[in-house]
Peer 1: 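My questions will all concern the structure given below.
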Amino acid sequence: MCCDLKRRFLLLYATQKGQAKAIAEEIWQQAGAHGLEADMHCMSEMDKYNLETEKDPVVIVISTTGTGDPPDTARKFVKKIQDTALPPDHFAHLQYALLGLGDSEYTFFCNGGKTVDRLLQELGAQHFYDTGLADDCVGLEIVVDPWIDGLWLALKEAFILQKEKEDMSSNAVSGTPSAALHIGNELNLSSEVQNLKLEDGVRSSDALTQKVVDIHLEASTRDAEPSLVCSVPPVSHCALNIPALPPEYLEVQFQDTHGENPHLSSLISEGTTFEVPVTKAVQLTREDAIKTALLLELDIADTVFDYQPGDAFCVICPNNVKEVEELLQILGLSDKEDHFVCVKVKQGTKKKGATRPQHIPERSTLKFLLTWCLEIRAIPKKAFLRALVECTSDAGEKRRLQELCSRQGASDYAQFIRDSNVCLLDLLHAFPSCRPSLNLLIEHLPKLQARSYSVSSSNFYQPGRLCFVFNIVEFSTCPARPVPRKGVCTGWLAELVAPLLHPSKNTLATKGGTSSTEKISIFARPNNTFHLPVDPSVPFMMVGPGTGISPFIGFLQHRQKLREEHTDWKFGETWLFFGCRHQDRDYLFKDELKCFLENGTLTHLKVCFSRDSSTAEVGPPKYVQDVLRLYPKEVTRVLLEERGYFYVCGDKKHMADGISEAVVDILSMEMEADKLEAMKMLAVLREEKRYLQDVWS
């Protein structure tokens, strides 16, 4: 290809946890194979690009936070283009394409990308390629991969049109359609897929497709069912489109010296951390309950940590000790676990803007790094699988890893990797000839995130104490994971407080222990909206099945204390809709709710049990949304006539959406409006911050 055909485009990304950056880097890496050059920058680096004068096409990859806002790295950019003084043709010269990332488990899906898209359109910018919205709930790659595939042709067409405009303005002969067609043909030729035969010990390659011809592999998979380690036709027989090999950019040096590991507070950037003792632990569910719920009490009296009912906070947790030891053993690094590791950017790396990840200390022991810094349970991304191919010696295992990261193996990746919650350890057991280097793990494993929990107490009611409730997360065995596992944080916490748990575990009146020397590190994560109404006379309804009841215990404790201290105040009515599986196994806070009801703090308590059998012809409602539908007039009165508040806490997928649908149906029926009008009413309630959710996926 002629060098003058290598065209530049501006590539911007805004990321919260690194996914948008990783996708932008993939686009940047692929650009060269298509005869294009990507000028890549984080959206926050506004001194390195200027959209006001940008003539080339712009490609934007942007994620969305859990609250639906653009990521922190896009705030300055969004604020700038929100300026109402800008004219409607401010970006009339701009042609762009946008890929938004989000999670449909949350209410404002891809809202960060949608916001930027809308603002650019309002300022006159034009799409040269349709906007893509990728859903992390089902797998980003389902949208991302085909969107990137189509991007190259769209960019080339944009360059052709751009050249035609330039040539028309200069009356150049080369601006004829035949010249444009010639350019298009050149570009298309440059991006043709090459079919390469995959030999044993295949060399590292950025080729887009590779094909294996292995009689033994074909015979072994002919009659088998597909699995993590085994494929069947057509995947096992076809040429593969695999991602470009990500360039390595870190080097690791071991230092046999002594020193201290970094303090855990250095691992977070969100604010001040507090190391606080666990003073009590109570099991709230019976031993035969399907899920085990624990309540932990923390002593925050000697800190400046403050919170309101409805707030959440984060717990800094480590990876499982046994899993860390197992990983060290497989990597052959057990003898180096106490050695200090120095991580630096590799000289001459091809990775653009390569820097040491912020969550990686400049110097710490290897064991500290794998215990506190890297999410070793993370589901491997396709780029990681692609890198692991080069660390695998067995031809059959190498081929299967290629399939799992390929376009053709997308459904296998979804079934055997993402949906099965497969992690690095599972892969290393499944593909024993795979031996990745430590620097590769540091490059591809994400930061070990602190886990967020809702506060289940009131600092006003119980000064110096903070309570929270959680279910111990269980991952059962499956073909890809032969051993069961507990959640990273919930499993660690359960093991930590095991000595505090009392044999009589089904009531909060039980003292789980006297004192504890065990401490955990926490930091604040204030919720600016999920709070009690400022006016105590305003009524509110709470919906919280299972551990979703947690913040509402704090609400009711706070309300009870206010009632005790302000007997002359007027208080609005309070409703709680609670659901669990069995009345005698997992009815959380049963005695406390009874007390709240008896002393008038809680006006109405409506409870349902989804797994208890009934002999009645018409059984009782099973789920909270079913109970809610029994009180349409009361819901409408509280929300519309008395301008009350409605709180929902719990599982997004199986509960929160059902509650929203129930409220829409209730408003539609009671207001004699069609469903669309009722949905608009709910949207208004959300905007007014009177319909509030604290949900998780």
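Side chains are part of it too, since the values below use all heavy atoms of this structure and drop only hydrogens, waters and symmetry mates. No experiment lies behind these values; they were computed from the predicted model shown.
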Peer 1: Just jot down the ring pair (Phe, Tyr, Trp, His ring centres under 6.0 Å) partners of H339, sequence neighbours excluded, or say none.
Peer 2: none
Peer 1: Check whether any side-chain heavy atom of L133 sits under 4.5 Å from a side-chain heavy atom of K114, and report yes or no.
Peer 2: yes
Peer 1: Residues two or more places apart in sequence or in another chain: which of them pass side-chain hydrogen bond (donor to acceptor under 3.5 Å, both in side chains) with D665?
Peer 2: R629
Peer 1: Are V389 and L245 close enough that some pair of their side-chain heavy atoms sits under 4.5 Å apart?
Peer 2: no
Peer 1: Given E375, which partner from the list K447, R451, K381 fulfils the salt bridge (Lys or Arg N to Asp or Glu O under 4.0 Å) test?
Peer 2: R451
Peer 1: Say whether, by atom type as modelled, one donor and one acceptor occur between the side chain of K398 and the main chain of T392 under 3.5 angstrom.
Peer 2: yes
Peer 1: Hey, could you give me each pair passing ring-ring contact (aromatic ring centres under 6.0 Å, His included) that has a residue in residues 378-402? Not counting sequence neighbours.
Peer 2: F384-H444
Peer 1: With sequence neighbours left out, what residues match S452 under side-chain hydrogen bond (donor to acceptor under 3.5 Å, both in side chains)?
Peer 2: R525
Peer 1: Any heavy-atom pair between the side chains of Y453 and T490 that's under 4.5 Å?
Peer 2: yes
Peer 1: Minimum heavy-atom separation for W372 and L267, please, with both atom names.
Peer 2: O-CD1, 3.7 Å
Peer 1: Any non-hydrogen side-chain atom of L445 less than 4.5 Å from a side-chain atom of I376?
Peer 2: yes
Peer 1: Partners of R418 by side-chain hydrogen bond (donor to acceptor under 3.5 Å, both in side chains), sequence neighbours excluded?
Peer 2: E141
Peer 1: So, using side-chain hydrogen bond (donor to acceptor under 3.5 Å, both in side chains) as the criterion, who are the partners of T365 when residues are at least two apart?
Peer 2: N261
Peer 1: Could you pull out all residues at least two apart from D412 that satisfy salt bridge (charged side-chain N to carboxylate O under 4.0 Å, His left out)?
Peer 2: R400
Peer 1: Measure the shortest side-chain to side-chain distance between D136 and L101 over non-hydrogen atoms and say whether it is less than 4.5 angstrom.
Peer 2: no
Peer 1: Using distance only, find each side-chain donor-acceptor pair of residues 430-441 under 3.5 Å and give its atom names and separation, not counting sequence neighbours.
Peer 2:
from	atom 1	to	atom 2	distance (Å)
S433	OG	S393	N	3.3
S433	OG	D394	N	3.0
S433	OG	E397	OE1	2.5
R435	NE	I330	O	3.2
R435	NH1	P432	O	3.1
S437	OG	N439	OD1	2.6
S437	OG	L440	N	3.4
N439	ND2	E248	OE1	3.2
N439	ND2	L250	O	3.3
N439	ND2	E443	OE2	3.4

Peer 1: Give me the atom names and distance for the closest heavy-atom approach of C317 to W492.
Peer 2: CB-CE3, 3.7 Å
Peer 1: Taking the side chain as everything from C-beta on, heavy atoms only, tell me whether L370 gets closer than 4.5 Å to N319.
Peer 2: no
Peer 1: Just by distance, do the side chain of D612 and the backbone of Q583 share a donor-acceptor pair under 3.5 Å?
Peer 2: yes
Peer 1: Can any side-chain N or O of T292 pair as donor or acceptor with the backbone N or O of T285 at less than 3.5 Å?
Peer 2: no
Peer 1: Quick check: closest heavy atoms across Y249 and P357, and the distance to 0.1 Å?
Peer 2: OH-CG, 3.9 Å
Peer 1: With side-chain contact (heavy atoms from CB on, under 4.5 Å) as the criterion, how do L428 and E326 come out once you've worked through the C-alpha distance, each side chain's angles and the decisive distance to 0.1 Å?
Peer 2: CA-CA 10 Å; L428 296 180; E326 187 179 3; over 6 Å; no
Peer 1: If you measure from CZ on F416 to OG on S227, what distance do you get to the nearest 0.5 Å?
Peer 2: 6.0 Å
Peer 1: Check the pair L493 / I520 against side-chain contact (heavy atoms from CB on, under 4.5 Å), numbers first and verdict last.
Peer 2: CA-CA 9 Å; L493 288 172; I520 64 174; 4.2 Å; yes
Peer 1: Can you list the residues that meet the side chain to side chain contact (heavy atoms under 4.5 Å, CB included) rule with D130, with sequence neighbours excluded?
Peer 2: none
Peer 1: Considering all heavy atoms of both residues, which atom of S406 and which atom of G409 are nearest to each other, and what is their separation?
Peer 2: OG-N, 3.0 Å
Peer 1: What I'd like to find out is whether the side chain of L333 reaches to under 4.5 Å of the side chain of L327, using heavy atoms alone.
Peer 2: no
Peer 1: Output all residues satisfying ring pair (Phe, Tyr, Trp, His ring centres under 6.0 Å) with Y129, sequence neighbours left out; order by chain, then residue number.
Peer 2: W147
Peer 1: Can you pull out every side-chain hydrogen bond (donor to acceptor under 3.5 Å, both in side chains) where at least one residue sits in residues 471-486? Sequence neighbours excluded, please.
Peer 2: D426-R485
Peer 1: Any donor and acceptor pair, going by atom type alone, linking the side chain of Q16 with main-chain N or O of T64 inside 3.5 Å?
Peer 2: no
Peer 1: Under the rule for ring pair (Phe, Tyr, Trp, His ring centres under 6.0 Å), what residues qualify as partners of F578, not counting sequence neighbours?
Peer 2: Y587
Peer 1: Given side chains that start at C-beta, do those of P71 and T15 come closer than 4.5 Å, heavy atoms only?
Peer 2: no
Peer 1: Charged N to carboxylate O under 4.0 angstrom, R399 versus E403?
Peer 2: yes
Peer 1: Let me see the working for Q329 and E325 under side chain to side chain donor-acceptor pair (under 3.5 Å), right down to the final yes or no.
Peer 2: CA-CA 6 Å; Q329 185 177 6; E325 291 174 349; over 6 Å; no
Peer 1: More than 12 heavy atoms of other residues, nucleotides or ligands under 6.0 Å from NZ of K291: yes or no?
Peer 2: no
Peer 1: Kindly compute the distance separating SG (C405) from CG (L240), expressed to the nearest 0.5 Å.
Peer 2: 8.0 Å
